[in-house]
Amino acid sequence: MSLLRRLDRKGKGDDGERSVLSSAQRKRGGLGGSRSSKEGYSDLMRRIQSRLLQELDPSISAAEPAEIRQSIRELLDQVLQQEGIVLSRVERQRLFDQIAAEILGFGPLQPLLEDDSITEIMVNGPKQIYVERGGKLYKTPITFEDDEHVMRIIERIVAPLGRRVDEASPYVDARLPDGSRVNIVIPPIALNGPVITIRKFYRTPLTIEDLIRFGSITPEVVQFLEACVKARLNIIVAGGTGSGKTTLLNILSGFIPNDERIVTIENAAELQLRQEHVVRLESRPPNIEGEGEVSIRDLVINSLRMRPDRIIVGEVRGGEALDMLQAMNTGHEGSMTTLHSNSPRDTLARLETMVLMAGMELPTRAIREQIASAVDLIVYQSRMRDGSRKVVAVSEIAGMEGDVISMTDLFVFEHGGYREGKVHGRLRPTGLRPKFMDKIRAAGIYLPPRIFAPTQPRS
């Protein structure tokens with residue numbers, strides 16, 4: 001290729017870069033071992049990568065990844081031969097993988113993104129990278145070269161999405177091609193250097209069977225929630241950060257019949273609905289002139305004109321809560337959303353506060369009546385001490401009692417202690433039946449009485 005010919009001509013006169021390793025290291029036939037050899041390995045990778053980036057023909061970016069990888073491999077073989085460096089097959093492959101990740105992927109983060117055991121990646125500046133495995137945090141030996149190296153990877157994440165991050169707009173929400181959610185914060189507001197937080201998506205989306213197997217939910221509650229979704233009840237999935245709200249919302253949305261029109265509204269597209277008739281909307285931040293912003297609230301209002309059977313909002317966090325309630329109260333039953341809160345009761349207080357953020361001077365009682373009329377069910381999920389995620393409460397909104405919204409717990413998680421590093425317990429029915437059972441029966445769904453029958457705790 002012309003790329004390699006240009007590099008060949010340049011390499012023949014580049015005597016100052018011929019020696020990465022000493023003659024003694026070459027005789028040993030590799031790069032492993034001493035600290036100096038590791039420095040030589042890092043220097044070699046940086047120089048090959050730098051030469052590739054400088055000489056890469058811009059038109060090659062439109063080529064197939066396999067074609068580009070072949071070009072990188074040919075370049076690597078050429079440079080190693082020019083400089084007389086002998087590498088083992090394992091070392092050569094490792095060097096190639098790192099360079100290919102830098103050019104085609106996300107640099108040092110690429111192996112972490114490909115590791116299915118990792119659920120979250122946290123970059124705290126160039127020299128600190130943490131990951132979450134099994135709900136626990138671990139520091140990795142992987143590092144970036146410097147802040148500029150981190151910024152190159154950040155640009156690769158946000159550029160395809162038409163988003164930007166700079167000193168004028170130093171934080172942004174984005175997503176990776178596989179749907180993983182990314183939050184980025186850069187200096188001057190990030191004092192450690194550029195910060196990247198990636199919430200990974202499973203390559204194969206979790207199913208309800210997976211949640212049952214993990215102990216996150218019981219088959220009886222699944223049967224109940226499936227009936228609620230099909231009977232078009234309005235559901236809020238609440239919980240703390242990292243408690244698995246979006247995962248559960250994804251699974252609940254899978255119960256929606258295929259003959260309904262669904263509109264999803266998100267800040268960064270995460271939902272993975274499997275139905276055919278799905279319209280996906282995503283908010284947009286303002287441009288560099290401060291114009292062109294499209295908020296979640298704008299999208300909720302617009303979705304009402306799109307003839308939706310269901311509206312699913314990835315997360316309500318502001319004034320869009322009022323418009324969401326209005327949609328639930330005006331013929332869009334069966335809508336669902338997620339919300340951050342500390343308990344089922346706190347979910348109502350948070351919802352009330354967010355309605356006030358819409359700027360409407362509504363009396364408290366009017367807001368609570370809207371909530372009581374719109375919301376049928378709150379499913380509360382929690383992240384436990386051992387890192388596991390569990391549904392800990394399923395509560396019905398039963399109406400108003402005076403100025404207070406009445407709430408009834410239908411299922412509650414009973415803690416069975418903390419043994420061998422694991423939380424024990426089970427989600428059990430309280431024995432109370434929901435008032436909306438008539439809606440479920442009207443949808444032609446029969447739920448056996450045993451679902452609501454209280455059970456004795458296991459010893």
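- Taking CD1 of I311 as the reference point, atom CD1 of I262 lies at 11.5 Å (rounded to 0.5 Å).
- With hydrogens and angles ignored, the 3.5 Å screen pairs a side-chain donor or acceptor of K200 with a backbone N or O of L112.
- Remark: S117 pairs with D115, R133 by the side chain to side chain donor-acceptor pair (under 3.5 Å) rule, at least two apart or across chains.
- When all heavy atoms are compared, the tightest approach of M354 to A321 is CB-CB, 3.8 Å.
- Residues P188 and L191 come closest through the heavy atom pair O-CD2, 3.7 Å.
- To the nearest 0.5 Å, atoms CD1 (I198) and CG (D178) are separated by 9.0 Å.
- By the 4.5 Å heavy-atom criterion applied to side chains, I157 and L176 are counted as neighbours.
- Take F106 and apply the ring-ring contact (aromatic ring centres under 6.0 Å, His included) test, not counting sequence neighbours, and it matches no residue.
- Note on residues 320-345: pairs passing salt bridge (Lys or Arg N to Asp or Glu O under 4.0 Å), not counting sequence neighbours, are R297-D323.
- Within the 3.5 Å criterion, the main-chain N or O of Q326 finds a donor-acceptor partner in the side chain of T330.
- Y380 places a side-chain N or O within 3.5 Å of a backbone atom of S341 that can act as its donor or acceptor partner.
- Remark: the backbone N or O of G314 is not paired with any side-chain donor or acceptor of E266 at under 3.5 angstrom.
- Within the structure, ring pair (Phe, Tyr, Trp, His ring centres under 6.0 Å) pairs that include any residue of residues 116-140 do not occur (at least two apart or interchain).
- Of the possible polar contacts, one joining the T140 side chain to the I129 backbone as a donor-acceptor pair under 3.5 Å is found.
- With a 4.5 Å cut-off on side-chain heavy atoms, L233 and K439 count as touching.
- Side chain of N234 to backbone of D376: no donor-acceptor contact under 3.5 angstrom is found.
- The two residues I296 and N267 make their nearest non-hydrogen contact at CD1-N, 3.6 Å.
- For the salt bridge (Lys or Arg N to Asp or Glu O under 4.0 Å) test, no residue two or more places apart in sequence or in another chain qualifies with D259.
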Go through the steps to decide whether L432 and D409 satisfy the test side-chain contact (heavy atoms from CB on, under 4.5 Å), and finish with yes or no. CA-CA 8 Å; L432 300 175; D409 290 334; over 6 Å; no

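- When all heavy atoms are compared, the tightest approach of K422 to D386 is CA-OD2, 3.4 Å.
- Closest heavy-atom contact between P160 and E155: CD-O, 4.3 Å.
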Let me see the working for N329 and S373 under side-chain hydrogen bond (donor to acceptor under 3.5 Å, both in side chains), right down to the final yes or no. CA-CA 7 Å; N329 274 324; S373 175; 3.0 Å; yes

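- Comment: E315 does not engage K245 in a salt bridge, judged by the lack of any side-chain N to carboxylate O separation of less than 4.0 angstrom.
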Name every donor-acceptor pair, under 3.5 Å, that has one atom in a side chain of residues 214-226 and the other anywhere in the protein, sequence neighbours excluded.
from, atom 1, to, atom 2, distance (Å)
S216, OG, R389, O, 2.6
T218, OG1, V221, N, 3.3
E226, OE2, K230, NZ, 2.9

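- Summarising the geometry, atom CG belonging to N302 is positioned 8.5 Å from atom CG belonging to D298; distances are rounded to the nearest 0.5 Å.
- More than 12 heavy atoms of other residues, nucleotides or ligands sit less than 6.0 Å from atom CZ of R213.
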Between M151 and I186, is the side-chain contact (heavy atoms from CB on, under 4.5 Å) condition met? List the steps. CA-CA 9 Å; M151 290 302 299; I186 66 170; 3.8 Å; yes

Pair K139-Q128, side-chain contact (heavy atoms from CB on, under 4.5 Å): steps then yes or no: CA-CA 7 Å; K139 186 176 181 180; Q128 279 192 348; 4.1 Å; yes

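- To the nearest 0.5 Å, atom CG of residue L271 and atom OG1 of residue T247 are 10.0 Å apart.
- Rounded to the nearest 0.5 angstrom, E352 CD and I405 CD1 are separated by 6.5 Å.
- The backbone N or O of F144 lies less than 3.5 Å from no partner atom in the side chain of H149, so there is not a single donor-acceptor pair.
- With sequence neighbours excluded, the residues satisfying side chain to side chain contact (heavy atoms under 4.5 Å, CB included) with D403 are R365, R368.
- Residue pairs that meet the salt bridge (Lys or Arg N to Asp or Glu O under 4.0 Å) test with at least one member in residues 232-244, sequence neighbours left out, are R232-E260.
- The closest side-chain heavy-atom distance from I196 to I121 is not below 4.5 Å.
- For K127, the NZ atom is densely surrounded, since the number of other residues' heavy atoms within 6.0 Å is greater than 12.
- Side-chain atoms of K136 never come within 3.5 Å of backbone atoms of G387 as a donor-acceptor pair (strictly under, hydrogens ignored).
- For R441, the side chain to side chain contact (heavy atoms under 4.5 Å, CB included) test picks out R433, M437, D438, with sequence neighbours left out.
- A salt bridge is defined here as a Lys NZ or Arg NE, NH1 or NH2 lying under 4.0 Å from an Asp or Glu carboxylate O, and R383 with E132 meets this definition.
- Here H415 pairs with F413 under the ring-ring contact (aromatic ring centres under 6.0 Å, His included) rule; sequence neighbours left out.
- The side chain to side chain contact (heavy atoms under 4.5 Å, CB included) check on R199 picks up E120, R181, T241, with sequence neighbours excluded.
- Atom SG of residue C228 and atom CG of residue L377 lie 5.0 Å apart, to the nearest 0.5 angstrom.
- Here the options are T264, L273, V229, the test is side-chain contact (heavy atoms from CB on, under 4.5 Å), and the partner is R310; only V229 passes.
- For the pair V131/M122, no side-chain contact is recorded, criterion being any heavy-atom separation below 4.5 Å from C-beta on.
- In this structure, L206 and N250 have side chains that are not in contact, with every pair of non-hydrogen atoms separated by 4.5 Å or more.
- The shortest side-chain heavy-atom distance between V391 and L211 does not fall under the 4.5 Å cut-off.
- Within the structure, ring pair (Phe, Tyr, Trp, His ring centres under 6.0 Å) contacts touching residues 248-305 (residues at least two apart or in different chains) do not occur.
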